[in-house]
Trainee: 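Take a look at the following structure, please.
All ligand and atom numbering here is 1-based and tracks the order in the structure.
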Amino acid sequence: MSQSHPRISKAVIPAAGLGTRFLPATKATPKEMLPVVDKPAIQYVVEEAVSAGLDDVLMVTGRNKRPLEDHFDRNYELESALGKKGDAARLAKVQESSDLATMHYVRQGDPKGLGHAVLCAAPHVGDEPFAVLLGDDLIDPRDPLLQRMIEVQQEHGGSVIALMEVAPEQIHLYGSAAVEATADADVVKVSGLVEKPTAEEAPSHYAVIGRYVLDPAVFGILRKTEPGRGGEIQLTDALQQLAADETVGGPVHGVVFKGRRYDTGDRGDYLRAIVRLACEREDLGPDFRAWLRRYVTEEMQQR
Ligand code: UTP
């Protein structure tokens, strides 16, 4: 690994979106707080940052930010009640999220898009490369992605994005990357990006997913980026500019991810994440799997 690139220590988690796909659940609660089995989605994301060595976490929050801040703070009332009962296991669960990382918060007044949310992190991040983890994108902890992206950034400098191969009829839901192969099978060089293209316009089947390691030059570009698709300041538009001109912030590489990932802001994916993670849990899994098997068998018989 090259020593010439500054070490990455900060993670930025945008969690200020409106979450309209999940209404009415997200009317008064951020979608990032919806539980995946018994833990809010956002806690998995913070745990992922910490296990990649990033324990300085800045969360970009919007309206309804209280539950997010409270979840990563101490809850003395609950702790004292559980302590008095001698319920050490549940007490540990309460304390787990407040002991995880050094948390910081910044408010995105208006949800003007992901690019704008990332720009809100500029004063905290300063002039260092940093990671961005989308608060509603869940990467299975057994399929580490961020560590590999940090390794690639330390080797090549510049920025690194996460890519996943998707079916042509799915690409309009994502940003799509034009790529060239490199000597590493899981790493590509990114030469261009298009936000939510039609299957015909898409430069490849590689879709951009919610993990980034970015050069701070992205802030200068975002400051000048006009609202794009949907009237929002798009991170993809700024990344396209980085990819088009290496002299600005170094090259853009992509790590091709083949592991398990769930978009917990999408209702179908959210349900799949819960079923899969519940089946795999040692405490809940055996009973839940047995019930699921019976349920599926009955369903099949009725068809
Ligand atoms: P999404 O594209 O999923 O948008 O944001 P959204 O508004 O949250 O959800 P829908 O489409 O209305 O259901 C991707 C990530 O970027 C954050 C979101 O919180 C989510 O983690 N985001 C998005 C912001 O922080 N600010 C924004 O202005 C937009």
Trainee: Begin from the C-alpha positions of Gln240 and Glu195 and carry the test side chain to side chain contact (heavy atoms under 4.5 Å, CB included) through to its verdict.
Mentor: CA-CA 9 Å; Gln240 156 59 22; Glu195 179 64 6; over 6 Å; no
Trainee: Considering heavy atoms of the protein only, find what lies nearest to atom 8 (O) of ligand 1 and give residue, atom and distance to 0.1 Å.
Mentor: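 Among all protein heavy atoms, the one nearest atom 8 (O) of ligand 1 is Lys31 NZ, 2.8 Å.
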Trainee: With a 3.5 Å cut-off and no angle check, do the side chains of Glu151 and Gln147 form a donor-acceptor pair?
Mentor: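 The answer is no; no qualifying pair exists.
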Trainee: Of all the non-hydrogen atoms in the protein, which one sits nearest to atom 21 (O) of ligand 1, and at what distance?
Mentor: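 The closest one turns out to be Pro14 O, 3.0 Å.
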Trainee: Tell me whether atom 2 (O) of ligand 1 lies less than 4.0 Å from at least one protein heavy-atom position.
Mentor: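 False for atom 2 (O) of ligand 1.
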Trainee: Can you tell whether the side chains of Asp269 and Arg21 come within less than 4.0 Å, N to carboxylate O?
Mentor: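 Looking at Arg21 together with Asp269, the answer is no, because their closest N to O distance does not fall below 4.0 Å.
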Trainee: In this structure, does ligand 1 have an atom that sits under 4.0 Å from one of the heavy atoms of His116?
Mentor: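 Distance cut 4.0 Å: His116 fails for ligand 1.
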Trainee: What protein heavy atom sits nearest atom 13 (O) of ligand 1, and how far away is it?
Mentor: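 In this structure, atom 13 (O) of ligand 1 has Arg21 N, 2.8 Å as its nearest protein heavy atom.
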Trainee: In terms of atom number and element, which parts of ligand 1 are under 4.0 angstrom from non-hydrogen atoms of Thr20?
Mentor: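 Answer for ligand 1: 10 (P), 12 (O), 13 (O).
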Trainee: Step through the shown structure and confirm whether more than 12 heavy atoms of other residues, nucleotides or ligands are within 6.0 Å of CZ on Arg90.
Mentor: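 Check fails, neighbour count at 12 or below.
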Trainee: Considering the heavy atoms of Lys112, write down every atom of ligand 1 situated less than 4.0 Å from one of them.
Mentor: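 Answer, ordered by atom number: 28 (O).
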Trainee: Run the numbers for me: atoms of ligand 1, each under 4.0 Å from some heavy atom of Pro111, listed by number.
Mentor: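 Those qualifying, in numeric order: 28 (O).
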Trainee: Record the part of Ala117 in heavy-atom contact with ligand 1 below 4.0 Å; permitted values are side chain, backbone, both and neither.
Mentor: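 For Ala117, the contact with ligand 1 is made by the side chain alone.
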Trainee: Checking side-chain polar atoms at under 3.5 Å, does His116 have a donor or acceptor matched by the opposite partner on Asp110?
Mentor: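 Per modelled atom types, His116 and Asp110 side chains form no pair under 3.5 Å.
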Trainee: Look at atom CZ of Arg63 and say whether more than 12 heavy atoms of other residues, nucleotides or ligands are closer to it than 6.0 Å.
Mentor: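 More than 12 heavy atoms, drawn from other residues, nucleotides or ligands, come within 6.0 Å of this atom.
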Trainee: Among all protein heavy atoms, pick the one closest to atom 7 (O) of ligand 1 and tell me residue, atom and distance.
Mentor: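 Among all protein heavy atoms, the one nearest atom 7 (O) of ligand 1 is Leu18 N, 3.1 Å.
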Trainee: Looking at ligand 1, would Asp136 count as a contact under a 4.0 Å heavy-atom criterion?
Mentor: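 The answer is yes: ligand 1 sits under 4.0 Å from a heavy atom of Asp136.
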Trainee: For atom 26 (N) of ligand 1, what's the nearest protein heavy atom and its distance?
Mentor: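 Ranking protein heavy atoms by distance from atom 26 (N) of ligand 1, first comes Gln108 OE1, 2.7 Å.
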Trainee: Under a heavy-atom criterion of less than 4.0 Å, does Glu32 contact ligand 1?
Mentor: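 It does, in that a heavy atom of Glu32 comes within the 4.0 Å cut-off of ligand 1.
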Trainee: Would you mind checking if Asp38 and Arg281 are paired as a salt bridge, meaning a charged N to carboxylate O distance below 4.0 Å?
Mentor: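 Salt bridge: yes.
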Trainee: Ala15: heavy atom below 4.0 Å from ligand 1, yes or no?
Mentor: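 Per 4.0 Å heavy-atom rule, Ala15 contacts ligand 1.
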Trainee: Looking at Glu48 and Arg211, is there a salt bridge between them, counting it only when a charged N and a carboxylate O are closer than 4.0 Å?
Mentor: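 Answer for the salt bridge query: yes.
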Trainee: One residue to check: Glu232. Relative to ligand 1, which of side chain, backbone, both or neither has a non-hydrogen atom less than 4.0 Å away?
Mentor: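 None of Glu232 does.
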Trainee: Below 4.5 Å, heavy atoms only, C-beta onward: do Val106 and Lys65 meet side chain to side chain?
Mentor: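 Result no, sub-4.5 Å side-chain heavy-atom pair not found.
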Trainee: Can you establish whether the number of heavy atoms outside Asp127 located under 6.0 Å from its atom CG is more than 12?
Mentor: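 Open: at most 12 neighbouring heavy atoms sit under 6.0 Å from CG of Asp127.
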Trainee: Quick one, Leu54 with Leu146, criterion side chain to side chain contact (heavy atoms under 4.5 Å, CB included). Give me CA distance, side-chain angles, the key distance, then yes/no.
Mentor: CA-CA 10 Å; Leu54 315 178; Leu146 193 58; 4.0 Å; yes
Trainee: In terms of residue, atom name and distance, what is the protein heavy atom nearest to atom 16 (O) of ligand 1?
Mentor: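 That would be Leu114 CD1, 3.6 Å.
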Trainee: Which residue owns the protein heavy atom closest to atom 25 (O) of ligand 1, what's the atom, and how far is it?
Mentor: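 Residue, atom and distance for the closest contact: Ala16 N, 2.9 Å.
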Trainee: Scan residues 181-233 for pairs that pass ring pair (Phe, Tyr, Trp, His ring centres under 6.0 Å), counting only residues two or more places apart or in two chains.
Mentor: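 Qualifying pairs: Phe130-Phe219.
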Trainee: Just which atoms of ligand 1 are under 4.0 Å from any heavy atom in Gly113?
Mentor: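 Checking each atom against Gly113, I get 26 (N), 27 (C), 28 (O), 29 (C).
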Trainee: For atom 22 (N) of ligand 1, find the nearest protein heavy atom and state the residue, atom name and distance (0.1 Å precision).
Mentor: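 Among all protein heavy atoms, the one nearest atom 22 (N) of ligand 1 is Gly17 N, 3.6 Å.
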